[in-house]
Amino acid sequence: MTNTSESKDTGDVSFAPLTLPRCAQASCLKWSLRLVARSSRSVWCGFYSLVCTTPHTAMADGGEAAPGPVTRFTNCRVCRPSGIETEDVWVQDGRIIDARVQFWEVRRQADVVVDCKGLLLAPGFIDLQINGAFGVDFTNPTQQRPWESQEDEARDDDSDTDADAPDGPKHADQLNEEPSPAPEVAAEALSKGIAYVSRRLVEHGVTAYCPTLVTSSPHTYQSLLPAMRPTVGGKHGAAVLGAHLEGPFLNPLKKGAHKEELMRGFEAADGASSSGLESIELCYGSLDNCSIITLAPELPNAGPVIEALAARNIVVSLGHTAADLEHADEAVTRGARMLTHLFNAMSAFHHRNPGVVGLLSETVRAQRPLFYGLIVDGIHTHDAAMRIAASTHPKGAVLVTDAIAAMGLPPGRHSLGRQSVHKDHDNRVTVEGTDTLAGSGSTMIDCVSYFARIVGVTQAVAAATLHPAQVLGIADRKGTCDVGADADFVLLDDSQTRLRVTDTYIGGERVWHAKEE
């Protein structure tokens, strides 16, 4: 038999020679010693049968197609919450498999071997709050249509470029006066915009995300939500995990960059007392494609709404709120699971009134599941504040970009819903003409790299992978490199101060590779 191979940018990819996986070497030695008394012919014939049987061309029981090819990723350092471990990762049919079972029970070697050249192998990043990117504004998708440009691949996505963004979005007054597009037009534009962003996010290690809508009118929500269907990731790009609706049920005192005139409360349509759920349905329409809703827990009738949403397996996140600790604690008791961009647009911590931030300590003490989003861009939150949060509740940190359409584009004017915003040369994004922060221009690998300098690589990676998967209840298949999980992962070069994504894999297939520097 002659082994054939082909060169890949990440390393040599070839049909594997008949060698044992590392995890089976010790067991194989014991097995061989127990058989040493038998005839040499019997031993070697049995051994050859064990390692050479590859039933991938056979049919499984019941006439179903047999499992697909097996790929072994070797010479990699796997990043897990417990630390970095040098081991191989085996993949089959889009999932990570157990090498020991593969070898001893299935009796099959890897068909393809990928040499990771000592790079860090981490789960694919998951972004639970991203308002847009690369010129696409999810809340106002008809504003710009970068997917129609023939110059997309030539776009300079270096945020430090000195050139201002050409032909940016309209001025704020023009955005406000512009009539809303027909629902079908908006939905079609959003579908194309999401597909475009999904293709581009893998460049930055993101393999799954929740496209986010900021505070808008009921017409906007009901036009766009049907186009935000969950999708499976693949060669076409990152998976969509459902929509994150940030508003309009927020406290105007903590409006941030959201438009106050579009904010609402949980009142019944006729003004009578109700559970508040009616307001949700009248505003959003169908919630079939919704995964997360950010709301202010101090609004009247918020408690029953939180319970009803949690019963539907929709994650309730507390944000844009002036709630005290008592209101916030009651919301968690009723089913809230997350805090939206911790420290930003919420009641500030005070030693006699800790506010929403005080939940971090209370949650740890009461051993209740609670997560908190962090925008780790060096602008939204001071390093010292992030250290306090991470040391108080390390297993709750969730990195989010809160990126807007300006992410991946040069400085200049951009849009966030019906507002005009400005991105400067320091990657700071503000509502035009003000100092109010309006999302960020940072990528997820930017956030992971920054957070790694504060808490270390393993904790930073967990905050961008395992923890967001736990928020959505999908940690059995996303956010880890454990056996049975989807084979969504990134290869990271950690040889420099800043982490760099070299390759992104979804379902075990490479979907992006960095050009050689």
Side-chain angles (χ1 to χ4, degrees), residues 7-13 73-81 83-86 89 114-127 130 133-134 153-161 197-209 233 237-238 374-379 383 399-401 403 407-410 426-427 440-466 468 479 481 487-506 508-517:
S7 176
K8 292 283 187 179
D9 294 325
T10 303
D12 293 332
V13 178
F73 292 83
T74 189
N75 193 19
C76 51
R77 295 150 51 236
V78 182
C79 187
R80 303 183 187 277
I84 297 175
E85 304 172 2
T86 301
V89 174
V114 177
D115 182 4
C116 298
K117 298 182 178 179
L119 294 172
L120 198 66
L121 188 149
F125 302 146
I126 301 173
D127 194 349
I130 173 171
F134 313 113
E153 293 184 0
R155 187 187 307 277
D156 181 4
D157 60 359
D158 183 358
S159 62
D160 293 327
T161 180
V197 171
S198 295
R199 290 196 301 271
R200 297 290 304 275
L201 282 178
V202 296
E203 303 171 16
H204 306 283
V206 175
T207 57
Y209 68 108
L374 278 177
I375 308 172
V376 187
D377 60 356
I379 297 171
D383 292 5
L399 299 190
V400 297
T401 60
M407 189 188 93
L409 297 182
D426 294 323
N427 218 25
S440 84
S442 297
T443 66
M444 183 56 81
I445 188 60
D446 292 334
C447 296
V448 174
S449 294
Y450 196 110
F451 203 44
R453 295 196 294 270
I454 296 174
V455 299
V457 172
T458 56
Q459 190 172 337
V461 168
T465 57
L466 175 61
C481 290
D488 301 346
F489 47 78
V490 295
L491 295 182
L492 303 174
D493 180 358
D494 60 343
S495 62
Q496 305 297 323
T497 303
R498 183 183 184 278
L499 296 173
R500 184 176 71 91
V501 177
T502 66
D503 299 86
T504 302
Y505 288 81
I506 296 180
E509 297 289 330
R510 191 170 73 178
V511 297
W512 186 78
H513 173 67
K515 296 179 180 179
E516 297 295 335
E517 294 185 345

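As the structure is a prediction and not an experimental result, all values here were calculated from the model.
Every residue two or more places apart in sequence or in another chain that forms a ring pair (Phe, Tyr, Trp, His ring centres under 6.0 Å) with Phe489 is listed here: Phe73, Tyr505. Every residue two or more places apart in sequence or in another chain that forms a side chain to side chain contact (heavy atoms under 4.5 Å, CB included) with Ala208 is listed here: Ile126, Ala239, Leu241. With sequence neighbours excluded, the residues that form a side chain to side chain donor-acceptor pair (under 3.5 Å) with Ser495 are Asp493. Residues passing the side chain to side chain contact (heavy atoms under 4.5 Å, CB included) test with Glu509, sequence neighbours excluded: Lys235. Take Arg498 and apply the side chain to side chain donor-acceptor pair (under 3.5 Å) test, not counting sequence neighbours, and it matches Asp446. Take Ala403 and apply the side chain to side chain contact (heavy atoms under 4.5 Å, CB included) test, not counting sequence neighbours, and it matches Ile130, Thr401, Met407, Ser440. Under the salt bridge (charged side-chain N to carboxylate O under 4.0 Å, His left out) criterion, Arg77 pairs with Asp494, sequence neighbours left out. For Ser198, the side chain to side chain contact (heavy atoms under 4.5 Å, CB included) partners two or more places apart in sequence, or in a different chain, are Ile194, Tyr209, Val240. Annotation: salt bridge (charged side-chain N to carboxylate O under 4.0 Å, His left out) contacts of Asp127 (sequence neighbours excluded): none.
To the nearest 0.5 Å, the span separating CG on Leu492 from OG1 on Thr502 amounts to 7.0 Å. Considering CG of Leu121 and CZ of Arg80, their distance stands at 9.0 Å, rounded to 0.5 Å. One distance of note links NZ of Lys117 with OG1 of Thr74; it measures 13.5 Å at 0.5 Å rounding. Interatomic distance, OG1 of Thr207 versus CD1 of Ile506, reported as 5.5 Å (0.5 Å rounding). Between atom CZ of residue Phe134 and atom OG1 of residue Thr443 there is a gap of 8.0 Å, rounded to the nearest 0.5 Å. Distance SG/Cys447 to CD1/Ile375: 8.0 Å, rounded to 0.5 Å.
Checked by atom type and distance alone, the side chain of Thr504 never pairs as donor or acceptor with a backbone atom of Val511 at under 3.5 Å.
Here the closest heavy-atom approach between residue Ala460 and residue Val455 is recorded as N-CG2, 3.9 Å. For Val376 against Phe451, the heavy-atom pair with the smallest separation is CG1-N, 3.8 Å. The two atoms that bring Cys481 and Val78 nearest to each other are CB-CG1, 4.0 Å, heavy atoms only. For the residue pair Cys79 and Ala122, the shortest heavy atom distance occurs at CB-CB, 4.1 Å.
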Just do the side-chain contact (heavy atoms from CB on, under 4.5 Å) check on Ile379 and Asp426 with the steps written out, would you?
CA-CA 9 Å; Ile379 297 171; Asp426 294 323; 5.8 Å; no
Can you check side-chain contact (heavy atoms from CB on, under 4.5 Å) on Thr497 and Arg453, steps first, answer last?
CA-CA 8 Å; Thr497 303; Arg453 295 196 294 270; 4.0 Å; yes
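In this structure the side chain of Ser442 reaches within 4.5 angstrom of the side chain of Asn427, judged on heavy atoms. Side-chain contact between Thr465 and Phe125 is present, with at least one heavy-atom pair separated by less than 4.5 Å. The shortest distance between side-chain heavy atoms of Met444 and Leu201 does not fall below 4.5 Å.
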